[in-house]
Novice: 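Mind having a look at this structure? Questions to follow.
The residues of the chain are indexed from 1 along the displayed sequence.
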Amino acid sequence: MYLSGGSCVMLIITAGSSMEQLFNIICEEGTMCGSMSLSGTQWFLIFTCIALIIAQLFPNLNSIARVSLTGAITSIGYCTMIWALSISKGRPNDVSYGIPVADRTGMTGFGNILNAFGIIMLAFRGHNLILEIQGTLPSDSKHPSRKSMWRGVMVSYMIIAVCLFPLAIVGFWAYGNKIPEEGILTAFTKFHGQDTSKYVIGLIHIWLTISCITSYQIYAMPAFDNLEFIYASSKKRRCPGWVRAGIRLFFGGVTFFVAVAFPFLGKLAPLIGGMAAVPLTFVYPCFMWISIRKPRPKGAMWSLNLGVGSIGIVLSLLLIVAAVWKLDDKGLNANFFRP
């Protein structure tokens with residue numbers, strides 16, 4: 001529940017900012033809509049309303065396969081456009097690939113190394129894959145879905161690699177240490193926004209927003225199901241349609257409120273990810289497998305899962321330490337209720 005809610009909050013913040021930038025690109029100063037600017041809170045609200053309207057159309061995870069496919073296509077689309085345009089536009093002047101001595105020595109260098117490991121772990125976290133694949137592939141005793149699930153995981157991580165590796169490689173080549181904390185899209189807009197068609201940049205933001213809308217459905221559905229299960233268990237009857245709609249509106253309202261109250265939540269992503277996302281991907285599955293399958297103690301599979309789970313715990317702790325160290329070193333602009 002907390003991971004689903006936190007992911008949806010991050011999607012509201014990301015998509016709301018992207019929609020605001022799209023509006024600013026289309027409605028420049030001097031145009032009819034140029035004076036109709038909205039606040040960050042209003043953009044968050046618009047995205048939340050769109051996501052909740054779409055959420056009412058799908059009763060469970062098994063029904064959102066097409067939504068998931070749309071999200072995958074748009075994710076590949078905007079990631080590919082960013083790195084392809086970065087190559088075509090070339091590198092800005094005075095791009096440097098060196099790391100300042102102060103950032104690679106002592107505790108600062110150690111913290112940066114841990115933070116780099118954390119970014120890689122968070123990029124390849126798998127809780128979203130688990131939700132979709134388990135929710136959309138049927139399974140019974142005669143036709144178990146483990147082979148289909150394994151193929152689904154392989155294809156999913158291939159798509160993730162197609163999106164992330166070109167961004168990382170091309171982004172470092174094109175911008176070096178000039179990439180801001182906001183990421184490569186911000187860097188591209190900063191260095192090439194003037195010589196790139198606003199319709200091209202607008203298309204990137206549209207695809208990014210669609211990807212966030214589809215991801216919201218995937219992350220929110222477990223929370224919807226859990227709340228509906230609580231209602232059905234307490235009332236001893238199926239959840240009627242009006243209650244289902246009310247539950248989803250309630251969840252959307254909570255995530256919207258948190259996004260408005262903590263618009264700086266993205267800067268806490270490594271810390272929250274170290275406590276929530278990383279264990280769910282690298283730790284819990286290993287110990288769950290040992291608990292459920294009960295392999296021979298000290299056997300090959302028992303040792304493998306115990307070792308991988310233990311490594312996951314260590315990595316999670318290191319990520320938390322690195323996140324706390326970075327926050328202590330650079331501080332945090334906690335702009336409560338001011339998105």
Novice: Crowded around Phe337 CZ? As in, over 12 foreign heavy atoms under 6.0 Å?
Specialist: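 Buried by this count: over 12 neighbours within 6.0 Å.
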
Novice: Side chains of Leu52 and Leu249: does their closest heavy-atom pair fall under 4.5 Å?
Specialist: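 Answer yes - side chains close enough.
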
Novice: Considering residues at least two apart in sequence or located in another chain, which fulfil the salt bridge (Lys or Arg N to Asp or Glu O under 4.0 Å) criterion with Glu228?
Specialist: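 For Glu228 the salt bridge (Lys or Arg N to Asp or Glu O under 4.0 Å) partners, ignoring immediate neighbours, are Arg244, Arg248.
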
Novice: Are side-chain heavy atoms of Ile64 and Met221 found at a separation under 4.5 Å?
Specialist: yes

Novice: Flag yes if Ile50 and Ile53 sit in one hydrophobic cluster, no otherwise; membership is Ile, Leu, Val, Met, Phe, Trp, Tyr, and two members link when side-chain heavy atoms are under 4.5 Å apart.
Specialist: no

Novice: Would you mind reporting whether Phe282 and Ile313 have side-chain heavy atoms less than 4.5 Å apart?
Specialist: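 The answer is no, as the side chains (C-beta and beyond) never meet within the 4.5 Å cut-off.
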
Novice: Which Ile, Leu, Val, Met, Phe, Trp or Tyr residues join Ile76 in one cluster when any pair of side-chain heavy atoms under 4.5 Å counts as a link?
Specialist: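 Other cluster members: Val155, Ile159.
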
Novice: Please report the shortest heavy-atom distance between Cys8 and Phe251, naming the atom on each side.
Specialist: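 In terms of heavy atoms, the two residues are closest at SG-CE2, 3.9 Å.
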
Novice: What class does the angle between the rings of Trp43 and Phe23 fall in, given that below 30° is parallel, 30 to 60° is tilted and above 60° is perpendicular?
Specialist: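 Rings of Trp43 and Phe23: tilted, 30 to 60°.
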
Novice: Which residue pairs satisfy the salt bridge (charged side-chain N to carboxylate O under 4.0 Å, His left out) criterion with at least one member in residues 67-91, sequence neighbours excluded?
Specialist: none

Novice: Name all pairs fulfilling the side chain to side chain donor-acceptor pair (under 3.5 Å) condition that reach into residues 294-323, sequence neighbours left out, sorted by first residue then second.
Specialist: none

Novice: Got a sec, which residues hit side chain to side chain contact (heavy atoms under 4.5 Å, CB included) with Ile73, two or more places apart in sequence or on another chain?
Specialist: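 Only Leu69 meet the side chain to side chain contact (heavy atoms under 4.5 Å, CB included) criterion with Ile73.
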
Novice: Taking the side chain as everything from C-beta on, heavy atoms only, tell me whether Tyr97 gets closer than 4.5 Å to Val95.
Specialist: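 In short, these two side chains touch, coming nearer than 4.5 Å.
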
Novice: Mind checking what makes side-chain hydrogen bond (donor to acceptor under 3.5 Å, both in side chains) contact with Thr41, not counting sequence neighbours?
Specialist: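 Result, side-chain hydrogen bond (donor to acceptor under 3.5 Å, both in side chains) vs Thr41: none returned.
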
Novice: My understanding is that only residues two or more places apart in sequence, or in another chain, count here; which of them pass side chain to side chain contact (heavy atoms under 4.5 Å, CB included) with Phe250?
Specialist: Val254

Novice: Please test Leu45 against Cys49 for side-chain contact (heavy atoms from CB on, under 4.5 Å), starting from the C-alpha separation and ending with a verdict.
Specialist: CA-CA 6 Å; Leu45 179 61; Cys49 291; 3.9 Å; yes

Novice: For the residue pair Phe264 and Phe262, categorise the inter-ring angle as parallel (less than 30°), tilted (30 to 60°) or perpendicular (more than 60°).
Specialist: perpendicular

Novice: Taking the side chain as every heavy atom from C-beta outward, state whether Leu265 and Leu268 have any atom pair closer than 4.5 Å.
Specialist: yes

Novice: Taking the side chain as C-beta and beyond, is there a heavy-atom pair between Phe224 and Ser4 under 4.5 Å?
Specialist: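 They are not in side-chain contact.
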
Novice: Would you find more than 12 non-hydrogen atoms of other residues, nucleotides or ligands less than 6.0 Å from Met301 atom CE?
Specialist: yes

Novice: Heavy-atom count check: over 12 atoms from other residues, nucleotides or ligands less than 6.0 Å from Met158 CE?
Specialist: no

Novice: Could you list the donor-acceptor pairs under 3.5 angstrom formed between side-chain atoms of residues 162-178 and any protein atom two or more places apart in sequence or on another chain?
Specialist:
{"unit_1": "Tyr175", "atom_1": "OH", "unit_2": "Ser86", "atom_2": "OG", "d": "3.0"}
{"unit_1": "Asn177", "atom_1": "ND2", "unit_2": "Gly98", "atom_2": "O", "d": "3.3"}

Novice: Given Thr255 and Tyr216, is the side-chain hydrogen bond (donor to acceptor under 3.5 Å, both in side chains) satisfied, shown in steps?
Specialist: CA-CA 11 Å; Thr255 55; Tyr216 189 97; 3.1 Å; yes

Novice: For Leu38 and Glu20: C-alpha separation, side-chain torsions, deciding distance, then whether side-chain contact (heavy atoms from CB on, under 4.5 Å) applies.
Specialist: CA-CA 8 Å; Leu38 303 177; Glu20 183 176 11; over 6 Å; no

Novice: Drop me the distance from Gln217's CD to Leu57's CG, to the nearest 0.5 angstrom.
Specialist: 8.5 Å

Novice: Would you please name every residue forming a side-chain hydrogen bond (donor to acceptor under 3.5 Å, both in side chains) with Arg66, sequence neighbours left out?
Specialist: none

Novice: Testing the basics here: between Phe58 and Ser63, what is the closest heavy-atom pair and its distance to 0.1 Å?
Specialist: CD2-O, 3.3 Å

Novice: Would Lys198 and Ile26 count as a side-chain contact (heavy atoms from CB on, under 4.5 Å) here? Give the steps.
Specialist: CA-CA 7 Å; Lys198 65 178 183 180; Ile26 296 175; 5.9 Å; no

Novice: Would you please name every residue forming a side-chain hydrogen bond (donor to acceptor under 3.5 Å, both in side chains) with Tyr78, sequence neighbours left out?
Specialist: none

Novice: Mind checking whether Leu306 and Phe287 have side chains closer than 4.5 Å, heavy atoms only?
Specialist: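 The answer is yes, as the side chains (C-beta and beyond) meet within the 4.5 Å cut-off.
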
Novice: Donor-acceptor pairs under 3.5 Å, side chain of residues 203-215 to any protein atom, not counting sequence neighbours: which ones?
Specialist:
{"unit_1": "His205", "atom_1": "ND1", "unit_2": "Ser18", "atom_2": "OG", "d": "3.0"}
{"unit_1": "Thr209", "atom_1": "OG1", "unit_2": "His205", "atom_2": "O", "d": "2.8"}
{"unit_1": "Ser211", "atom_1": "OG", "unit_2": "Ser75", "atom_2": "OG", "d": "2.8"}
{"unit_1": "Thr214", "atom_1": "OG1", "unit_2": "Ile210", "atom_2": "O", "d": "3.3"}
{"unit_1": "Thr214", "atom_1": "OG1", "unit_2": "Ser211", "atom_2": "O", "d": "2.8"}
{"unit_1": "Ser215", "atom_1": "OG", "unit_2": "Ser211", "atom_2": "O", "d": "2.9"}

Novice: For Ala259, give me all partners under side chain to side chain contact (heavy atoms under 4.5 Å, CB included), at least two apart in sequence or on another chain.
Specialist: Val9, Ile12, Ile13, Phe44

